[in-house]
Amino acid sequence: MTLLTEEAPCKFPEPGSPISNMTYYSQVREPKEEYVDSMEPPVFGAVEPPRRSRGRLIMHATVMFGREFCYAVEAAFVTPVLLSVGLPKSLYSLVWLISPILGFLLQPVIGSASDHCRSSWGRRRPYILSLGIMMLVGLTLFLNGDAITTAIVQNRTLKTTWAIVVVMAGVVLFDFAADFIDGPVKAYLFDVCSYQDKERGLHYHALLTGLGGACGYLVGAMDWGHSSLGTLLGSEYQVIYFFSALTWGIFLTIHLCSIPEMALGRDNSSDSLAPSRLLQVGNHSNGYGALPKETSELLPGSEIRPRSFSALSEANAVTSSAKQPNKEVQKRMTLKYLLLAMINMPSHYRCLCISHLLGWTAFLCNMLFFTDFMGQIVYKGNPYAAHNSTAYATYERGVEVGCWGLCINAVSSALYSYVQRLLLPYIGLKGLYFVGYFFFGLGTSLIGLFPNIIATLTLCSVFGVMSSTLYTIPFNLISEYHKEEEEQRMLGLGDAAQRGRGTGVDCAALTCMVQLAQIIVGAGLGALVNLAGSVIVVVLSASTVSLIGCVFIALFIRHVE
């Protein structure tokens with residue numbers, strides 16, 4: 001079978017003859033290097049997109065720099081901002097719980113919706129743009145909530161109440177959107193990149209994630225309040241907001257323009273013979289990449305399966321047109337189906353989700369309380385002392401040094417992303433997964449047992465090892481698992497029970513584990529600290545959970561050749 005072009009009509013095999021291969025005929029490209037950048041050679045079953053240049057992959061990964069930059073700003077300023085507007089301590093944990101609870105409940109819906117989005121702009125980018133705008137709105141409310149309410153509300157009591165509401169809404173909205181956006185971004189990478197480029201793309205994601213976090217912490221550590229820019233914009237928070245919004249807006253735009261997507265299920269009835277369109281015969285339900293029914297009826301005797309334009313194509317790409325009515329496509333969008341798809345996912349996906357949950361629980365245990373640990377345990381300061389006391393000044397100094405430790409974590413995460421590429425041929429993905437958890441567990445246990453300044457700052461580098469591992473290895477494993485499934489479907493060995501799952505759902509399931517880890521840490525770790533009477537239990541808990549994750553990886557994560 002050939003492509004539909006002006007020079008060569010579409011040819012189909014005789015009735016009853018097997019479909020053994022497909023031949024791709026090149027067409028004139030305008031511009032030459034960017035002709036429908038997301039098109040893929042029409043290989044039956046698994047369809048591989050073209051190779052992407054390094055520049056395109058870096059452009060795609062810039063969104064991670066912007067997201068992590070804003071995350072670092074939030075981590076550095078969320079406590080001062082919330083306390084400055086008068087938020088009671090009893091409500092502080094509520095701020096950290098609302099966003100992950102919403103994310104855990106709604107993440108699979110977004111993932112599946114992006115799997116079946118029919119926008120002419122592509123499947124993932126409309127969701128990424130919407131979530132990016134939500135992040136910007138949340139950041140605006142978070143860093144400017146006090147200024148906004150001061151300009152609108154005159155009553156002092158009402159001003160305090162509304163300032164708390166606006167800032168809390170900004171924090172929740174920002175966290176919600178920033179956590180959500182990771183799934184569509186990873187699925188977007190999988191859709192438009194070839195198998196060889198997915199690994200490269202994920203490493204660029206990890207590299208720019210680390211660099212973005214480092215830059216965000218450095219910007220937050222500077223004293224902008226007494227600078228000329230602080231005088232011009234009004235306050236330190238406005239300067240931080242200016243840099244954050246500018247960085248996020250620029251890099252989100254670059255990301256959205258990096259690699260074009262092919263629209264899903266576009267109605268091609270009016271231009272089905274256009275020379276610059278890759279088409280495939282399908283059913284009347286306008287399935288993934290299908291021609292309208294009228295075209296297929298002109299070619300009796302040819303039951304051609306619809307093709308997927310996704311690099312990790314949807315499972316319905318191998319179902320015949322007679323077996324996939326439109327109501328089945330609509331059923332995929334229901335919450336009940338999504339929950340069933342996650343519950344009934346293959347065991348190796350479920351084990352991957354559990355290990356991801358253990359990893360993020362350990363990582364967040366340490367990261368959310370690390371600066372407090374530095375102030376209280378390493379520097380022996382007291383956060384509850386009078387603000388003009390030496391004990392409180394010592395605690396603040398420990399918090400500042402803790403921020404530099406988090407900057408070391410971000411830099412080491414970027415560097416380790418390259419070390420992973422060197423180690424991968426020798427120990428494989430499962431080995432890298434185990435190493436990341438093991439070094440983090442070992443490093444945090446040493447920090448808890450020997451809490452001195454030099455050792456703690458040096459061992460902050462193992463935080464970056466864990467960060468890079470969590471951001472890349474699980475998604476690489478998903479890519480490998482989907483590749484195996486594609487090969488099995490090409491051989492007719494695919495499991496029909498798993499034909500509704502798409503890449504977006506699998507990526508969303510992993511991201512749900514991040515929200516669940518935040519819920520566990522936010523709800524339980526504070527009580528654990530109060531019970532133990534010392535924040536040293538934080539790093540020891542992180543170490544214990546990480547080492548448990550090592551054992552789980554060794555026993556239950558499936559090795560990929």
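Count residues from 1 along the sequence. Side-chain atoms are counted along with the backbone in the values below, which use heavy atoms only and exclude waters and symmetry mates. What you see is a predicted model; the values in this text were computed from it and never measured.
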**Student:** Using modelled atom types only, decide if a donor and an acceptor are shared between the side chain of S413 and the backbone of N409 within a distance under 3.5 Å.
**Tutor:**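 No, the answer is negative, given that no donor and acceptor are paired below the 3.5 Å cut-off.
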**Student:** Measuring centre to centre across the rings, with the benzene-like ring taken for any Trp, is W360 within less than 6.0 Å of Y471?
**Tutor:**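 Ring centres of Y471 and W360 closer than 6.0 Å.
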**Student:** Go through the side-chain N and O atoms of T469 and Y433 and say whether any donor and acceptor fall under 3.5 Å apart.
**Tutor:**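 The answer is no; no qualifying pair exists.
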**Student:** Within the distance-only criterion (no hydrogens, no angle test), does the side chain of Y416 pair as donor or acceptor with the backbone N or O of M466 below 3.5 angstrom?
**Tutor:**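 The answer is no, because no donor-acceptor pair under 3.5 Å joins these two groups.
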**Student:** Would you call the rings of H255 and Y188 parallel, tilted or perpendicular if under 30° counts as parallel and over 60° as perpendicular?
**Tutor:**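 Rings of H255 and Y188: perpendicular, over 60°.
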**Student:** Would you say the side-chain atoms of R421 pair up with the backbone N or O of H203, donor to acceptor, closer than 3.5 Å?
**Tutor:**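 Between the backbone of H203 and the side chain of R421 there is no qualifying donor-acceptor contact (under 3.5 Å).
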**Student:** Got M64 and L207 here, is their nearest side-chain heavy-atom distance under 4.5 Å?
**Tutor:**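 Side-chain contact under 4.5 Å: no.
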**Student:** Name the orientation class of the two ring planes belonging to F65 and F69 (parallel below 30°, tilted from 30 to 60°, perpendicular beyond 60°).
**Tutor:**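 Plane angle under 30°, so parallel.
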**Student:** Hey, is the main chain of R52 close enough, under 3.5 Å, to the side chain of D197 for a donor-acceptor pair?
**Tutor:**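 Indeed, once roles are kept as given, a pair shorter than 3.5 Å links the two residues.
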**Student:** Verify, without hydrogens or angle tests, whether S543 (side chain) and G441 (backbone) share a donor-acceptor contact under 3.5 angstrom.
**Tutor:**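 Side chain of S543 to backbone of G441: a pair is present.
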**Student:** Sub-3.5 Å donor-acceptor pair from the side chain of S479 to the main-chain atoms of F475, do we have one?
**Tutor:**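 Not at all, since once roles are kept as given, no pair shorter than 3.5 Å links the two residues.
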**Student:** Contact between T444 and F370 at the side-chain level, heavy atoms closer than 4.5 Å - yes or no?
**Tutor:**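 No - every pair of side-chain heavy atoms lies 4.5 Å or more apart.
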**Student:** Before accepting this row, confirm whether a basic side-chain N of the pair D146/K159 lies closer than 4.0 Å to the acidic partner's carboxylate O.
**Tutor:**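 Yes, D146 and K159 are salt-bridged.
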**Student:** Kindly say whether A414 contributes a backbone atom to a donor-acceptor pair with the side chain of S417 at under 3.5 angstrom?
**Tutor:**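 Such a contact is found between S417 side chain and A414 backbone.
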**Student:** Verify side-chain hydrogen bond (donor to acceptor under 3.5 Å, both in side chains) between N144 and Q238, making sure each step is shown before the conclusion.
**Tutor:** CA-CA 7 Å; N144 301 282; Q238 272 69 56; 2.8 Å; yes
**Student:** Nearest 0.5 Å, what's the CG-OG1 distance between N366 and T361?
**Tutor:**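 If I round to the nearest 0.5 Å, the distance is 13.0 Å.
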